[in-house]
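Along the sequence shown, residues are numbered consecutively beginning with 1. Remember, predicted model here, so these are calculated numbers, not experimental data.
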Amino acid sequence: MRGAVIHAPGDVRFEALDDPKILKPTDAIIRTAVTCVCGSDLWPYRGLDATDEAHPMGHEYVGFVEEVGSEVTAVRPGQFVVGSFATSDNTCANCRNGWQSNCLNREFMSTCQAEYVRIPHAQGTLVATDEHPAEEFWPGLLAVSDVMGTGWYAALAAEVKPGSTAVVVGDGAVGLCGVIAAKELGAERVIAMSRHASRQQLAREFGATDIVTERGEEGVARVKDLTDGIGADAVLECVGTAQAMRQALHSARPGGNVGFVGVPHEVAIDGQELFFSHVGLRGGPAPVRRYLPDLIDRVLTGRIDPGRVFDLTLPLAQVAEGYRAMDERRAIKALLKP
C-alpha cells in the first residue's frame, strides 16, 4: 500500500509501505474511505515536535472493515466504521468510567494517512454504522473521529450548560467544532475568538453569536466587555500555546470553567493565580469513543455538519500539499481521498 511518511520538518512524502496485518486477535484491518491532516500533525511538520526518524503519519480515519482478529465480534468485514485517535478496549476501569482515551491498554493511532490501517483493540475502538453511509456524510463522520469529538469534550470539560455564555479560543477545526458543541449543549451566547474572515463566517454559521478578533490581554478585555466585566461561564481552549491558555483562563469568570484540548506546548500555569481565580480547569486527550454513537447519529440525521471544516480536498497522493496548505493557513483542514 501507500501512505504518508514524515522524514523531517516540512518533509512529508507519499511512499510505499508494508500492508498492515493482523498482529493480535484484537486487531482489525480497515480500508480507508477518507482520512485527513490534523492541526496537531503540524507540530512535527513545523519542527516543534522532534522527528528522530522517518515514520508514518495520521490518526483520523473512517473506512470499511477488511479483516478482523479472532476475538473481534463487534464489527465484521464489509461494515463501515468510525474509530478514535486513541484505541480502547472499552472494558477496563478507566473505559467503564468514560475515559477511553486513558484506557489501560491505550495506543495512539499514528498510521492513518494511508490506504489501509491496522486498528488495535478494534472490539472497543470501532463503531459500525447501520449501513454504508452516503459519501456526502463521510467528511462529517471523519470529523467525529477526532476534531468534533475533541470539540465536544472541550465543551463538556468547560461545563457548557443551557443558557450559558461560552468562549472558544482557537479558530482551527477543533475550535470550530467546539462552537458546534457549545451551541448543541445549549449555550445562549458563543463568542468565537478569530482573526480570519473565512473562519469567522463558518463560526457564525455553526452558531457563534459574537466574534472577538483581539488576542492576548486585549482579547480578554473584549470578552469582559461582552460579559458585563465578569467573564464567561465556560471557555474552550483549542490551541495549545501558552498565550491561548492564558487567554482562556483570564476570560473565565470566577466559578467558571476552562476545558483545554489543545496539545500543550510550553504551557505553564501559575498555581497561586489559578487558586485565587476560582476557575476550574480540565482537559486532556478527548475520550472520543464515549461520544461516538451520539455524534455519529447527529451527523447522519443532519443535526450537525462538522465536515464543513474540510475546506480542501485532495487525493491522498497529494498529502504533502495538504500539510503545506494548512501550515500556510490556506486551509482549515485538508481531506484526503485514497
What I'd like to find out is whether the side chain of [X] reaches to under 4.5 Å of the side chain of [Y], using heavy atoms alone.
X: Ile29; Y: Lys21; result: no
X: Ile191; Y: Leu226; result: yes
X: Gln201; Y: Phe206; result: no
X: Pro315; Y: Lys337; result: no
X: Tyr45; Y: Arg324; result: yes
X: Arg222; Y: Thr213; result: no
X: Val261; Y: Cys238; result: yes

Are there over 12 heavy-atom neighbours, none belonging to [X], within less than 6.0 Å of that residue's [atom1]?
X: Glu328; atom1: CD; answer: yes
X: His55; atom1: NE2; answer: yes
X: Arg76; atom1: CZ; answer: no
X: Glu218; atom1: CD; answer: no
X: Asp225; atom1: CG; answer: yes
X: Arg282; atom1: CZ; answer: no

Task: Thr32 side chain to Val34 backbone, donor-acceptor under 3.5 Å - done: no

Task: Side-chain (Arg46) to main-chain (Asp327) donor-acceptor, under 3.5 angstrom - done: yes

Output yes when [X] and [Y] qualify as a salt bridge under the 4.0 Å nitrogen-oxygen rule, no when they do not.
X: Arg303; Y: Glu184; answer: yes
X: Asp311; Y: Lys333; answer: no
X: Asp11; Y: Arg13; answer: yes

Task: Check against salt bridge (Lys or Arg N to Asp or Glu O under 4.0 Å), Asp233 and Lys161 - done: CA-CA 9 Å; Asp233 303 307; Lys161 294 179 172 61; over 6 Å; no

Open item on the list: Angle between ring planes, His265 versus Trp43, binned at 30° and 60°: parallel, tilted or perpendicular?
Closed with: parallel

- [ ] Fit a plane to each ring of Phe85 and Phe108, take the angle between them on a 0 to 90° scale, and name the class: parallel (under 30°), tilted (30 to 60°) or perpendicular (over 60°).
- [x] parallel

Please tell me whether [X] and [Y] have a donor and an acceptor in their side chains that are separated by less than 3.5 angstrom.
X: Gln247; Y: Gln243; answer: no
X: Thr35; Y: Glu60; answer: no
X: Ser194; Y: Asp171; answer: yes

Nearest 0.5 Å, what's the [atom1]-[atom2] distance between [X] and [Y]?
X: Trp152; Y: Ile304; atom1: CH2; atom2: CD1; result: 6.5 Å
X: Ile269; Y: Phe275; atom1: CD1; atom2: CZ; result: 15.5 Å
X: Ser88; Y: Leu126; atom1: OG; atom2: CG; result: 9.0 Å

Open item on the list: Could you see if Val288 belongs to whatever hydrophobic cluster contains Val160? Use Ile, Leu, Val, Met, Phe, Trp, Tyr and a side-chain cutoff under 4.5 Å.
Closed with: yes

- [ ] Kindly determine whether Tyr323 and Gln113 satisfy side chain to side chain donor-acceptor pair (under 3.5 Å), including the steps that lead there.
- [x] CA-CA 12 Å; Tyr323 275 81; Gln113 291 163 5; 3.0 Å; yes

Task: Residue pairs, two or more places apart or on separate chains, that pass salt bridge (charged side-chain N to carboxylate O under 4.0 Å, His left out) and touch residues 105-118 - done: Asp27-Arg118

TODO: Determine, stepwise, if the pair His121 / Gln100 fulfils side chain to side chain donor-acceptor pair (under 3.5 Å).
DONE: CA-CA 11 Å; His121 310 298; Gln100 289 92 334; over 6 Å; no

Open item on the list: Show, in sequence, the C-alpha distance, side-chain angles and deciding distance for Thr129 and Gln79, and conclude whether the side chain to side chain donor-acceptor pair (under 3.5 Å) test is met.
Closed with: CA-CA 7 Å; Thr129 56; Gln79 287 185 306; over 6 Å; no

TODO: Applying salt bridge (Lys or Arg N to Asp or Glu O under 4.0 Å), run through Arg330 and Glu321 and close with a yes or a no.
DONE: CA-CA 11 Å; Arg330 291 184 284 112; Glu321 170 56 19; 3.1 Å; yes

- [ ] Give me the one residue out of Asp89, Thr91, Thr26, Thr87 that meets side-chain hydrogen bond (donor to acceptor under 3.5 Å, both in side chains) with Asn105.
- [x] Asp89

